[in-house]
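Only heavy atoms go into these numbers, but all of them, side chains included; no hydrogens, no water, no symmetry mates. Just so you know, residue 1 is the first one in the sequence shown, and it goes up from there.
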Amino acid sequence: MTDIFDKLKQDHERHREMLTKIADTSGDSNTRREMFDAFVNEVTAHANAEEQSLYAEMLERPPLQDKGRHSVAEHKEIDDYIEELEKTDMSSPGWIATFKKLKDRYEHHIEEEEEEIFKAAEKKMTGEKAADLGERFDDRKEAELEELRA
């Protein structure tokens with residue numbers, strides 16, 4: 001059974017690939033629009049499910065609360081960049097400049113999660129708890145994706 005940390009890292013790898021492909025697009029093309037929309041849906045569902053599984057657990061554990069709060073705050077930052085991009089004309093130079101900021105910020109965030117946050121959390125929970133959180137993450141992510149599609 002795959003635990004929460006492996007599931008999140010797999011998603012992060014997919015997100016890195018999506019960001020790289022979007023960065024290689026230009027103008028207000030169908031390709032850019034479709035790839036960006038797919039990225040937004042994927043990252044939104046991922047973040048929401050992560051907050052409802054791993055970060056909900058971390059916030060209940062005093063030694064992990066600060067790290068949990070920090071990551072949730074970074075999710076809000078990413079949401080703000082996405083909101084700005086959704087309001088900006090994709091063919092404008094401002095769109096790609098803001099996208100590059102989002103890309104840098106998001107890559108920093110997931111690196112920090114993988115190198116610091118997840119390692120701290122892994123030390124404080126059993127393998128069984130991490131597996132249970134992985135199942136909760138999957139359930140929540142699927143529900144989040146269904147809601148975004150509706």
Side-chain angles (χ1 to χ4, degrees), residues 1-25 28-62 64-88 90 95-96 98-122 124-150:
M1 183 179 294
T2 307
D3 71 23
I4 183 78
F5 306 107
D6 289 336
K7 289 175 184 287
L8 294 172
K9 288 175 186 174
Q10 289 168 6
D11 272 8
H12 290 170
E13 194 55 41
R14 188 169 43 258
H15 299 167
R16 285 181 181 100
E17 291 170 12
M18 294 173 92
L19 287 165
T20 298
K21 288 178 181 177
I22 295 167
D24 288 341
T25 65
D28 187 356
S29 65
N30 285 337
T31 301
R32 177 182 275 183
R33 190 166 297 283
E34 289 169 8
M35 288 192 325
F36 181 69
D37 288 346
F39 173 77
V40 169
N41 286 344
E42 170 65 25
V43 168
T44 300
H46 168 93
N48 290 344
E50 185 177 47
E51 289 175 14
Q52 295 165 33
S53 56
L54 178 62
Y55 291 126
E57 180 71 24
M58 289 177 69
L59 292 171
E60 291 180 10
R61 297 172 181 239
L64 298 172
Q65 285 176 346
D66 287 344
K67 290 189 181 306
R69 283 189 197 108
H70 176 78
S71 283
V72 171
E74 286 188 347
H75 287 178
K76 173 66 171 109
E77 275 184 67
I78 302 303
D79 287 345
D80 291 344
Y81 279 115
I82 289 170
E83 188 175 313
E84 184 177 343
L85 285 164
E86 290 175 332
K87 294 177 181 176
T88 305
M90 280 190 169
W95 193 92
I96 197 66
T98 302
F99 178 79
K100 287 179 180 177
K101 290 177 190 173
L102 164 69
K103 183 179 183 296
D104 290 345
R105 191 69 195 108
Y106 188 70
E107 287 173 340
H108 165 80
H109 168 70
I110 59 180
E111 182 178 315
E112 185 176 62
E113 281 185 329
E114 292 173 359
E115 297 301 318
E116 296 174 31
I117 308 295
F118 296 171
K119 288 179 180 179
E122 280 179 295
K124 298 290 184 186
M125 60 183 70
T126 65
E128 184 178 334
K129 176 51 97 174
D132 289 346
L133 290 173
E135 288 180 30
R136 187 182 323 166
F137 172 79
D138 283 343
D139 292 344
R140 291 306 315 144
K141 184 175 176 193
E142 185 56 39
E144 292 289 331
L145 285 169
E146 285 179 25
E147 190 173 314
L148 288 167
R149 290 182 199 121

Close side-chain approach of [X] and [Y], heavy atoms under 4.5 Å:
| X | Y | result |
| --- | --- | --- |
| E13 | R16 | yes |
| D3 | F137 | no |
| T25 | F36 | no |
| H70 | E112 | yes |
| M125 | R61 | yes |

May I ask you to say whether [X] pairs ionically with [Y], meaning some side-chain N is under 4.0 Å from a carboxylate O?
| X | Y | answer |
| --- | --- | --- |
| D66 | R69 | yes |
| E57 | K129 | yes |
| E17 | R14 | no |
| D104 | K100 | no |

Can you tell me how far [atom2] of [Y] sits from [atom1] of [X], rounded to the nearest 0.5 angstrom?
| X | Y | atom1 | atom2 | value |
| --- | --- | --- | --- | --- |
| L8 | I110 | CG | CD1 | 10.5 Å |
| R105 | D80 | CZ | CG | 11.5 Å |
| L59 | L64 | CG | CG | 9.0 Å |
| I78 | E83 | CD1 | CD | 13.5 Å |
| I22 | E34 | CD1 | CD | 11.5 Å |
| D11 | M18 | CG | CE | 10.0 Å |

| task | Evaluate the criterion side-chain contact (heavy atoms from CB on, under 4.5 Å) for residue pair F39 and K21; output intermediate values, then yes/no. | result | CA-CA 10 Å; F39 173 77; K21 288 178 181 177; over 6 Å; no
| query | For the residue pair H12 and F118, does the interplanar ring angle fall in the parallel (under 30°), tilted (30 to 60°) or perpendicular (over 60°) class? | reply |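 H12 and F118: parallel rings.
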| request: Measure up the Y106 and H15 rings against each other and bin them: parallel (under 30°), tilted (30 to 60°), perpendicular (over 60°). | output: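 Answer is tilted, since the angle falls between 30° and 60°.
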Does either side chain, that of [X] or that of [Y], offer a donor lying less than 3.5 Å from an acceptor on the other one?
| X | Y | result |
| --- | --- | --- |
| H75 | E50 | yes |
| S53 | R136 | no |
| H46 | E42 | no |

| task | Would you sort out whether R32 and D28 count as a side-chain contact (heavy atoms from CB on, under 4.5 Å), showing the intermediate values? | result | CA-CA 7 Å; R32 177 182 275 183; D28 187 356; over 6 Å; no
| Counting distance only, does the side-chain N/O of S71 pair as donor-acceptor with the main-chain N or O of G68 below 3.5 Å? |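 Checked: no pair found.
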| field | Residue pair F5, L54: steps toward the side-chain contact (heavy atoms from CB on, under 4.5 Å) verdict | value | CA-CA 9 Å; F5 306 107; L54 178 62; 4.0 Å; yes
| request: Tell me, please, which residues at least two apart from T98 pass side chain to side chain contact (heavy atoms under 4.5 Å, CB included). | output: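 With sequence neighbours excluded, T98 shows a side chain to side chain contact (heavy atoms under 4.5 Å, CB included) to Y81, E84, L85, given in chain and number order.
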| Are E114 and E111 close enough, and set up right, to give a side-chain contact (heavy atoms from CB on, under 4.5 Å), and what steps lead you there? | CA-CA 5 Å; E114 292 173 359; E111 182 178 315; 5.7 Å; no
| message | Would you say that more than 12 heavy atoms from the other residues, nucleotides or ligands in this model lie under 6.0 Å from the NZ of K9, or not? | response |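 Yes - once you tally the heavy atoms of other residues, nucleotides and ligands closer than 6.0 Å, there are more than 12.
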| Residues, nucleotides or ligands: over 12 heavy atoms within 6.0 Å of D24 CG |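 More than 12 heavy atoms, drawn from other residues, nucleotides or ligands, come within 6.0 Å of this atom.
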| query | With K67, which of E113, K119, M58 fulfils side-chain contact (heavy atoms from CB on, under 4.5 Å)? | reply |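 That would be M58; it is the only one of E113, K119, M58 passing the side-chain contact (heavy atoms from CB on, under 4.5 Å) with K67.
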Please set out all donor-acceptor pairs under 3.5 angstrom arising from side-chain atoms of residues 142-150, sequence neighbours excluded.
unit_1	atom_1	unit_2	atom_2	d
E144	OE1	N48	ND2	3.0
E144	OE2	Q52	NE2	3.0
E144	OE2	R140	NH2	3.3

